[in-house]
Structure formats: structure tokens, C-alpha cells
Number of protein chains: 2
Amino acid sequence: MKQKTPTGTVLYSIEQAIKEYRKVCQKNIQKIVNDITVDQCLVLIILNDNEKISQIEIAKLIFKDNASITRIIELMVKKDYLTREIDEFDKRKTKLIITEKGKKTVVLLSPVFELNRETALDGISAEEIELLDKILHKIISNCKTS
Amino acid sequence: MKQKTPTGTVLYSIEQAIKEYRKVCQKNIQKIVNDITVDQCLVLIILNDNEKISQIEIAKLIFKDNASITRIIELMVKKDYLTREIDEFDKRKTKLIITEKGKKTVVLLSPVFELNRETALDGISAEEIELLDKILHKIISNCKTS
DNA sequence: AAAAATTATTTGATATATCAATTATTTATT
DNA sequence: AATAAATAATTGATATATCAAATAATTTTT
């Protein structure tokens with residue numbers, strides 16, 4: 001039976017799913033490295049794959065605000081995962097450089113992300129995942145164009 | 001082609017979907033009432049349906065931490081949406097009471113939640129929604145039992 | 001009944017989210 | 001070239017997320 005309250009709708013299943021997934025991620029990450037968050041780790045992995053990426057591009061990739069990225073990176077610099085330099089070709093931009101500690105962390109944590117995904121998607125078929133993705137993108141586009 | 005980076009996976013579609021949905025919600029709410037957030041509004045609607053609910057139960061319903069609920073309610077009391085009393089039968093609990101302003105707000109905003117859902121789920125069939133919900137709950141249970 | 005365990009809420013600390021405004025730089029327009 | 005518009009990043013303010021610890025009240029155990 002359909003509930004009238006917002007909480008009973010599929011949109012809250014989406015909310016719940018992502019929250020539970022984030023908990024699993026954080027838990028698995030902290031087994032290996034204990035001073036890093038899921039988001040910081042994501043930034044690290046993205047930077048590792050693409051050294052020249054700007055903060056704004058990182059923000060878009062992980063669906064975050066520029067302001068959030070600034071602060072996430074600030075903390076990562078403090079914790080010696082990254083250093084920052086001004087981009088010489090466009091002085092508005094910053095060049096983000098992974099430190100040795102950062103590089104080691106990527107190596108340690110990349111497999112954890114693999115594990116997280118496998119944990120979350122266990123027993124769900126490739127077709128189901130594809131369908132899930134398709135419906136979610138429909139929702140995303142509905143919201144964006146509203 | 002499947003990406004190896006975490007960002008390319010369906011789990012990030014989930015994240016993106018819920019973020020876009022929340023933006024739509026906030027936007028539609030603020031057209032009508034401009035000093036309330038999505039979460040505060042949810043608490044209001046839940047309380048309106050069930051006067052005797054405790055903070056912990058509210059927290060569970062909307063997948064939030066108890067600490068978050070305490071602070072959300074604090075702000076709602078400050079803004080005169082709620083008042084708080086100690087529960088006489090169990091003095092650990094608080095009794096939350098919707099004010100007149102709160103009641104008016106529920107009346108104003110309940111239809112907005114309906115609209116938000118319709119906006120997000122537009123063009124998605126009942127079968128697809130059911131399937132979406134089923135897969136999401138599989139993910140939720142995978143994460144919970146991991 | 002006293003001690004121990006459980007429960008509901010709060011508080012502190014830190015991280016992230018969101019919006020608006022600001023700064024610095026670059027690009028486009030006139 | 002000077003002005004205006006656009007872009008990248010930062011900062012401030014406020015809300016929420018999360019964990020751990022603390023309070024206070026209630027239940028269970030002994």
C-alpha cells in the first residue's frame with residue numbers, strides 16, 4: 001500500500017541507499033587509513049588519474065559545490081595528502097599535486113573502492129544495474145530541467 | 001565503456017539523483033515559504049501525522065542521526081515552528097508540539113512535496129518505480145549486513 | 001532496593017552542503 | 001588599450017552529517 005508521507009516513497013529509498021553505501025565506504029576505508037574521509041579519498045583517486053584537473057572539474061565529477069571542494073582540499077593539504085601551486089598558464093587556477101603520502105594512500109585504497117562497490121551491488125545482475133542507472137538518469141534529467 | 005573510476009559507477013548515479021532531487025525540493029519549497037529547509041519541512045509533516053513520535057523515531061524515519069535531529073529541532077523551535085516539552089510519562093523524551101505557524105506551513109507545503117515527487121518521477125512507469133525500489137533495497141540490505 | 005544495563009537526548013568536534021558575495025585573473029567587447 | 005563580462009577559487013554564514021562522550025531517566029539484573 002502506498003504511503004502518503006514523503007518518507008514512504010522511492011525517493012527516500014534513494015536517500016537511504018546512498019547513506020548506507022557511504023557508511024560502508026567510510027568503514028572499509030578506515031580499516032586501512034584512519035585520517036581520511038570518503039570524499040577526500042575520491043579526490044585523491046581522481047587527481048591520481050588526471051593530474052591536470054581543476055577544482056571546478058573535480059567538483060562537477062563528484063557532484064559537489066566549488067566551496068566544498070575548496071574546503072576538502074584545504075584539509076587534504078593540512079594532512080599532507082596534497083600540495084597546491086598556482087597554475088602558471090592561468091593564474092586563477094591552482095595546480096594540485098599529490099604528495100608521497102597521497103600516492104601511497106591511493107595504492108592502499110583503490111582496491112577498497114572496488115570492494116565497496118562489490119559489497120553494495122552483490123547479487124544484482126548487470127541488467128538490473130543498467131536499468132537502475134537508466135531510471136536514475138531519468139530522475140536526474142527530470143530534476144535538472146524542472 | 002565502463003569506467004574504472006568510482007565516479008563512473010551506478011552508485012554515483014544514486015548520489016547525483018538524490019542531490020538533484022533535493023535541489024528541486026528546496027527550490028519549490030522556497031517559492032512558498034522562505035525560512036524553512038527540506039529537512040525541517042519533513043520533520044513538520046511527520047509530526048503533523050503523528051504527534052506522539054519521539055526524536056529517535058523521527059531520526060529513523062528520515063535516516064538521520066539523533067544528533068542531527070536535535071539540531072534540526074532546535075532551529076525549528078527558534079523559528080517558532082515547534083515547541084518542546086518534557087514527556088511526563090518518560091522524562092528522557094521530549095514532546096514536540098507544532099505551533100500555529102507550523103500548522104499553517106504544513107498546509108502550505110504538503111502539496112509541494114506531492115509536486116516534487118511528480119516532477120522527479122515524471123515519465124517513469126509504476127513497474128519501473130517498483131523495480132527501482134526493489135534494487136535499492138537490495139543495495140541497502142547488502143550494505144547493512146556487510 | 002542497589003547496581004548495572006539500556007534508552008533518549010544533548011553536546012563537542014570536525015567534515016561537508018549550499019548560497020551569496022568577494023577577489024583575482026582572463027577573455028570578449030567596444 | 002580600456003571597459004565589461006566571464007571564470008576559478010575563496011570566504012562567510014548557516015545547515016546538516018557523523019562520531020564519541022556525557023547526562024539523565026528508566027529498566028533489568030542480582
Side-chain angles (χ1 to χ4, degrees), chain A residues 15-16 18-27 29-31 33-44 52-79 81-82 84-96, chain B residues 15-16 18-27 29-30 33-44 52-79 81-82 84-96 143:
Chain A
E15 175 123 14
Q16 193 182 4
I18 199 64
K19 285 194 174 177
E20 293 297 340
Y21 179 60
R22 288 194 145 259
K23 278 187 204 165
V24 168
C25 291
Q26 191 63 51
K27 205 177 69 186
I29 286 172
Q30 295 219 314
K31 281 180 201 158
V33 178
N34 66 12
D35 73 338
I36 198 165
T37 68
V38 181
D39 291 321
Q40 290 169 11
C41 195
L42 256 180
V43 169
L44 216 49
K52 303 198 174 169
I53 199 166
S54 69
Q55 293 188 192
I56 286 190
E57 288 168 317
I58 295 175
K60 274 183 200 144
L61 264 181
I62 57 178
F63 319 118
K64 289 186 192 294
D65 196 273
N66 296 340
S68 298
I69 294 294
T70 295
R71 279 152 190 154
I72 288 173
I73 285 170
E74 227 164 58
L75 292 172
M76 293 178 75
V77 170
K78 264 192 203 154
K79 288 192 282 194
Y81 284 109
L82 299 178
R84 251 200 282 226
E85 280 175 20
I86 292 170
D87 187 303
E88 17 175 355
F89 303 108
D90 185 341
K91 287 174 190 159
R92 292 168 304 182
K93 295 188 182 178
T94 55
K95 204 162 41 169
L96 299 167
Chain B
E15 176 123 13
Q16 193 182 4
I18 198 65
K19 284 194 173 174
E20 293 297 341
Y21 179 59
R22 288 193 145 261
K23 277 187 206 164
V24 168
C25 290
Q26 191 64 50
K27 205 177 67 183
I29 285 172
Q30 294 218 316
V33 178
N34 67 12
D35 73 339
I36 199 165
T37 68
V38 181
D39 291 320
Q40 289 170 9
C41 195
L42 255 180
V43 169
L44 217 49
K52 302 196 174 170
I53 200 167
S54 70
Q55 292 188 193
I56 286 190
E57 289 168 316
I58 294 174
K60 276 183 199 144
L61 264 180
I62 57 178
F63 319 117
K64 287 186 192 295
D65 195 274
N66 296 340
S68 297
I69 294 293
T70 294
R71 279 152 191 155
I72 288 173
I73 285 171
E74 228 163 59
L75 292 172
M76 293 178 77
V77 169
K78 262 192 204 153
K79 288 192 280 193
Y81 284 109
L82 299 179
R84 249 202 282 227
E85 282 175 20
I86 293 171
D87 187 303
E88 18 175 353
F89 304 108
D90 184 341
K91 286 174 190 158
R92 292 169 306 185
K93 295 187 181 177
T94 54
K95 204 163 43 169
L96 299 167
C143 290

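In what follows, every chain begins at residue 1, and chains take the letters A, B, ... in the order their sequences are listed. Computed from a predicted model, the values in this text were never measured in an experiment.
Annotation: side chain of B/I58 is not in contact with side chain of B/I72 (no heavy-atom distance under 4.5 Å). Side-chain contact between B/R22 and B/K19 is absent, with no heavy atoms from C-beta onward closer than 4.5 Å.
Taking only distance into account, the side chain of B/R92 never meets the base of C/dT9 through a donor-acceptor pair shorter than 3.5 Å.
Taking A/D87 as the reference, A/F89, A/D90, A/K93 meet the side chain to side chain contact (heavy atoms under 4.5 Å, CB included) condition, with sequence neighbours excluded. Among residues two or more places apart in sequence or in another chain, the salt bridge (charged side-chain N to carboxylate O under 4.0 Å, His left out) test is passed with A/K91 by none. Legend: residues meeting side chain to side chain contact (heavy atoms under 4.5 Å, CB included) with A/E85, ordered by chain and number and at least two apart, are A/K95, A/I97. Evaluation of the side chain to side chain contact (heavy atoms under 4.5 Å, CB included) rule for A/Q26 yields A/Q30, A/T37, A/V38 as partners, not counting sequence neighbours. Considering only residues two or more places apart in sequence or on other chains, B/E20 meets the salt bridge (charged side-chain N to carboxylate O under 4.0 Å, His left out) condition with B/K23. In this structure, B/S68 has no side chain to side chain donor-acceptor pair (under 3.5 Å) partners at least two apart in sequence or on a different chain.
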Using nucleotides 19-22 of chain C, report all nitrogen or oxygen pairs with the protein that are shorter than 3.5 Å.
none

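Within the nucleic acid shown, A/I69 has no heavy atom closer than 4.0 Å to any nucleic acid atom. In this structure, A/D39 reaches the sugar-phosphate backbone alone: every heavy-atom distance under 4.0 Å involves primed, P, OP1 or OP2 atoms, never a base. A/D87 comes within contact range of no nucleotide atom at all, as no heavy-atom separation falls under 4.0 Å. Note on B/S54: only backbone sugar-phosphate atoms sit closer than 4.0 angstrom, heavy atoms only; bases stay farther off. The residue B/T70 sits close to a base: some heavy atom pair falls under 4.0 Å.
The span of DNA chain D lying next to chain B, judged by atoms under 4.0 Å from heavy atoms, is bounded 5' to 3' by D/dA15 to D/dT26.
Between C/dT9 and B/T94, a contact under 4.0 Å exists linking OP1 or OP2 to a side-chain N or O.
Put simply, CZ on B/F89 is 17 Å from P on C/dA8, counting in whole angstrom units. Taking atom CG of A/N66 as the reference point, atom C1' of C/dT23 lies 14 Å away to the nearest angstrom. If you take NZ of A/K93 and C1' of C/dT27, they are 13 Å apart, rounded to a whole angstrom. The CG atom of B/L96 sits 14 Å away from the P atom of C/dA8 (whole-angstrom rounding). Straight-line distance from the CD atom of B/E74 to the C1' atom of C/dT9: 11 Å, rounded to whole Å.
Between A/K95 and B/F63, the one whose closest nucleotide on DNA chain D sits nearer the 5' end is A/K95.
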Show me the donor-acceptor pairs within less than 3.5 Å that the side chains of residues 59-67 of chain A make with the rest of the protein, sequence neighbours left out.
unit_1: A/K64; atom_1: NZ; unit_2: A/D39; atom_2: OD1; d: 3.1
unit_1: A/K64; atom_1: NZ; unit_2: A/D39; atom_2: OD2; d: 3.3
unit_1: A/D65; atom_1: OD1; unit_2: A/A67; atom_2: N; d: 2.8

